Number of protein chains: 2
Amino acid sequence: MTFEYTPPKYAQLIAELERRIDSGEYPPGSPLPSEHQLMAEFGMARPTVVKALGVLRDQGWIVTHQGKGRFVRGRPAMPTAQQVRTGRELLDRNEAQVSGRLLSAGEVEAPNRIATYLGIKPASPVVLRRSLVEHDGEPIEISSAWLPVAVADGTALAESADLKHGVRRYVESAAGASLDHIVEHVTARNPTKEECGLLGVKSSAALLTVYAVACDATGRPWVVVETVLPGDRHELEDAYPIL
Amino acid sequence: MTFEYTPPKYAQLIAELERRIDSGEYPPGSPLPSEHQLMAEFGMARPTVVKALGVLRDQGWIVTHQGKGRFVRGRPAMPTAQQVRTGRELLDRNEAQVSGRLLSAGEVEAPNRIATYLGIKPASPVVLRRSLVEHDGEPIEISSAWLPVAVADGTALAESADLKHGVRRYVESAAGASLDHIVEHVTARNPTKEECGLLGVKSSAALLTVYAVACDATGRPWVVVETVLPGDRHELEDAYPIL
DNA sequence: TTGGTGCACTTGACTGGCCAAGTGGGCTTC
DNA sequence: GAAGCCCACTTGGCCAGTCAAGTGCACCAA
């Protein structure tokens with residue numbers, strides 16, 4: 001019994017056209033072969049050709065002008081499935097894979113900012129799990145996760161043992177739903193005394209802090225992951241289309 | 001002579017299904033009517049129904065499981081056409097509309113960071129246009145635009161007069177191509193002496209700095225717009241999907 | 001020369017139909 | 001009763017063709 005997988009025809013056409021654009025055979029600005037030419041060359045019906053071209057348009061490879069044709073834009077410079085984002089990385093980070101040490105794991109009163117993000121009353125009890133992340137023996141980052149006690153209850157998140165998986169896995173099983181999107185808040189501030197000692201920076205240093213609120217598909221927040229980085233050693237990168 | 005515009009059938013189906021999901025008629029988690037049921041109800045052929053459902057899936061309204069059906073997720077919480085982004089706002093900002101004053105406009109040597117972003121040699125000549133932005137008489141932000149002289153030449157960008165349009169307009173006409181996407185770099189640092197005076201902050205304050213590199217479709221950088229904000233008075237927000 | 005007409009070519013929207021593949025429940029058979 | 005098969009229903013993929021709408025150029029007439 002053999003399992004042969006042949007991709008759908010339209011996917012083959014997509015791959016071939018991407019190859020030709022990448023190779024320079026279809027340089028940016030040049031017109032693509034018309035739908036009928038592609039039908040003839042690849043032996044496909046028109047809807048199949050159109051479907052493939054629609055995907056290429058949605059991904060930014062080409063632009064179409066009704067009555068004129070389709071024109072090459074080039075390999076989309078924007079990574080279509082976005083790049084590494086701070087919040088996503090924090091959510092899926094595995095404590096066993098990054099070197100560092102757990103600072104605390106337990107119940108605290110929610111600071112105003114965290115309470116706002118989680119949609120709960122200030123000073124409500126939340127579970128805070130905080131770690132110092134090191135690289136080559138140097139402290140580089142303090143990362144924290146804040147959850148309502150109702151979510152953290154019964155999970156390993158409030159325990160002092162290393163987590164086997166990222167925070168996301170625990171939250172999703174407690175939530176019974178999958179996390180859908182992240183809202184990030186970035187700001188700069190001076191360190192607290194504790195952070196000075198942990199990160200080994202002066203009290204006048206500028207810290208970059210990122211709060212990432214992870215929500216389900218209905219927009220309900222489930223967890224806030226936070227990271228604090230010395231600004232002189234790190235920068236965040238992000239890319240997005242204009243308009 | 002009358003011009004009546006009737007949207008395509010598939011667009012009408014999209015609108016109607018979005019309405020039903022929004023109204024709660026199709027609550028989250030519930031199955032949508034099958035393709036054949038929708039064909040019967042709306043009098044459309046199957047490809048038309050499938051096209052509409054494909055758009056709803058791409059926009060995050062529904063999920064599909066082959067063999068089982070399509071299921072409602074709810075109104076996508078992620079704004080599909082993204083929200084206001086710092087870099088985009090800077091690029092399209094009109095000097096006549098924001099209150100502030102021009103600090104400088106002319107040729108300087110490119111700092112290392114700017115030269116790297118623009119893909120030119122450090123200390124190459126670039127045109128720097130820098131403004132102090134105020135709100136209610138208080139300084140809140142220093143915004144700058146950096147361009148290779150070849151791009152700025154012949155435009156109003158190097159002149160001391162107020163710009164009639166945003167930077168983007170001038171760059172696009174000089175480039176002969178439209179700007180396609182932005183790569184943002186965010187970091188935190190202490191202010192320079194000059195910035196202390198302009199922004200009215202202490203020398204130990206934490207400043208949030210955003211560098212936005214605007215590129216065309218081929219990834220070539222054309223301009224860097226920069227903003228410097230006191231971290232205690234501003235924060236950046238961004239939302240994106242998980243996976 | 002200039003202006004307008006018409007046609008060829010392009011993409012957009014839609015129809016009606018086909019077969020394949022995944023899912024789940026009911027039925028048959030052991 | 002349990003295992004396995006079959007079938008109905010779902011979505012995925014594909015085809016052949018129609019009509020509409022936008023673009024540009026060749027051609028023709030004033």
Side-chain angles (χ1 to χ4, degrees), chain A residues 1-18 20-21 26-74, chain B residues 1-18 20-21 26-74 178 217:
Chain A
M1 197 150 162
T2 61
F3 294 94
E4 294 181 24
Y5 172 69
T6 51
K9 278 194 173 186
Y10 76 92
Q12 299 177 32
L13 177 54
I14 290 173
E16 174 60 15
L17 291 178
E18 287 181 356
R20 292 188 185 177
I21 293 174
Y26 295 160
S30 68
L32 245 62
S34 75
E35 297 175 357
H36 279 94
Q37 289 172 329
L38 291 174
M39 287 168 63
E41 177 177 356
F42 292 92
M44 298 173 181
R46 191 162 163 245
T48 309
V49 171
V50 170
K51 176 162 186 175
L53 294 171
V55 172
L56 290 174
R57 185 198 56 219
D58 291 343
Q59 294 186 351
W61 289 84
I62 61 178
V63 292
T64 78
H65 296 293
Q66 188 181 0
K68 294 175 68 178
R70 297 183 157 87
F71 299 86
V72 177
R73 285 185 54 191
Chain B
M1 197 151 164
T2 61
F3 294 93
E4 294 181 24
Y5 171 68
T6 49
K9 280 193 173 186
Y10 75 92
Q12 298 178 30
L13 178 53
I14 290 173
E16 173 61 16
L17 292 178
E18 286 182 355
R20 292 188 185 177
I21 293 174
Y26 294 159
S30 68
L32 245 62
S34 76
E35 295 175 359
H36 278 94
Q37 288 171 329
L38 291 173
M39 289 168 62
E41 177 178 357
F42 292 91
M44 298 174 182
R46 188 162 165 251
T48 308
V49 171
V50 169
K51 177 163 185 175
L53 294 170
V55 173
L56 290 174
R57 185 198 54 220
D58 291 344
Q59 293 186 353
W61 289 84
I62 60 177
V63 291
T64 78
H65 297 292
Q66 189 180 359
K68 294 174 71 176
R70 296 182 158 87
F71 300 86
V72 177
R73 283 185 57 191
S178 73

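Residue numbers begin at 1 in each chain, while the letters A, B, ... track the order of the sequences. Note that the structure is a prediction, hence the values are computed from the model and not measured.
- With sequence neighbours excluded, the residues that form a side chain to side chain donor-acceptor pair (under 3.5 Å) with B:Tyr26 are B:Arg20.
- In plain terms, the two heavy atoms of B:Gly74 and B:Pro28 that are nearest each other are CA-CG, 4.4 Å.
- In this structure, CG on A:Leu56 lies 9.5 Å from CZ on A:Arg70, to the nearest 0.5 angstrom.
- In terms of the side chain to side chain contact (heavy atoms under 4.5 Å, CB included) criterion, residue partners of A:Lys9 (sequence neighbours excluded) are, by chain and number, A:Met44, A:Thr48.
- Every side chain to side chain contact (heavy atoms under 4.5 Å, CB included) that B:Gln37 has, sequence neighbours left out, goes to B:Pro33, B:Ser34.
- For DNA chain C, the residues of residues 33-50 of chain A within the heavy-atom distance limit of 4.0 Å (strictly under) are A:Ser34, A:Glu35, A:Arg46, sorted by number.
- Note that the two end axes of the helix from C:dT1-D:dA30 to C:dC30-D:dG1 enclose an angle of 20°, each drawn from 5 base pairs, rounded to 10 degrees.
- When the side chain to side chain contact (heavy atoms under 4.5 Å, CB included) test is applied to B:Met39, the partners found at least two apart in sequence or on another chain are B:His36, B:Arg46, B:Val49.
- Scored by the ring pair (Phe, Tyr, Trp, His ring centres under 6.0 Å) test, B:His65 finds B:Phe71 as partners (sequence neighbours excluded).
- Think of the region where chain B sits on DNA chain D: with heavy atoms and a 4.0 Å cut, that region ends 5' and 3' at D:dT10 to D:dG13.
- Residues A:Pro27 and A:Val72 approach most closely at O-CB, 3.5 Å, considering heavy atoms.
- Applying the side chain to side chain contact (heavy atoms under 4.5 Å, CB included) rule to A:Ala11 yields the partners A:Pro7, A:Pro8; only residues at least two apart in sequence or on another chain are considered.
- Residues in residues 53-69 of chain B take part in no salt bridge (charged side-chain N to carboxylate O under 4.0 Å, His left out) pair, two or more places apart or across chains.
- One distance of note links CD of B:Glu16 with CZ of B:Phe42; it measures 5.0 Å at 0.5 Å rounding.
- A heavy-atom distance below 4.0 Å to DNA chain D is reached by these residues of residues 62-70 of chain A, ordered by number: A:Gln66, A:Gly67, A:Lys68.
- Minimum heavy-atom separation, B:Leu13 to B:Ala52: CD2-CB, 3.7 Å.
- In this structure, the side chains of B:Ile21 and B:Trp61 come closer than 4.5 Å at one or more pairs of heavy atoms.
- Note that the first and last nucleotides of DNA chain C, 5' to 3', having any atom under 4.0 angstrom from a heavy atom of chain B are C:dA13 to C:dG24.
- Residues A:Leu53 and A:Thr64 form no side-chain contact, since every pair of their non-hydrogen atoms from C-beta on lies 4.5 Å or further apart.
- Within the 4.5 Å cutoff, side-chain heavy atoms of B:Ile62 are placed close to those of B:Leu32.
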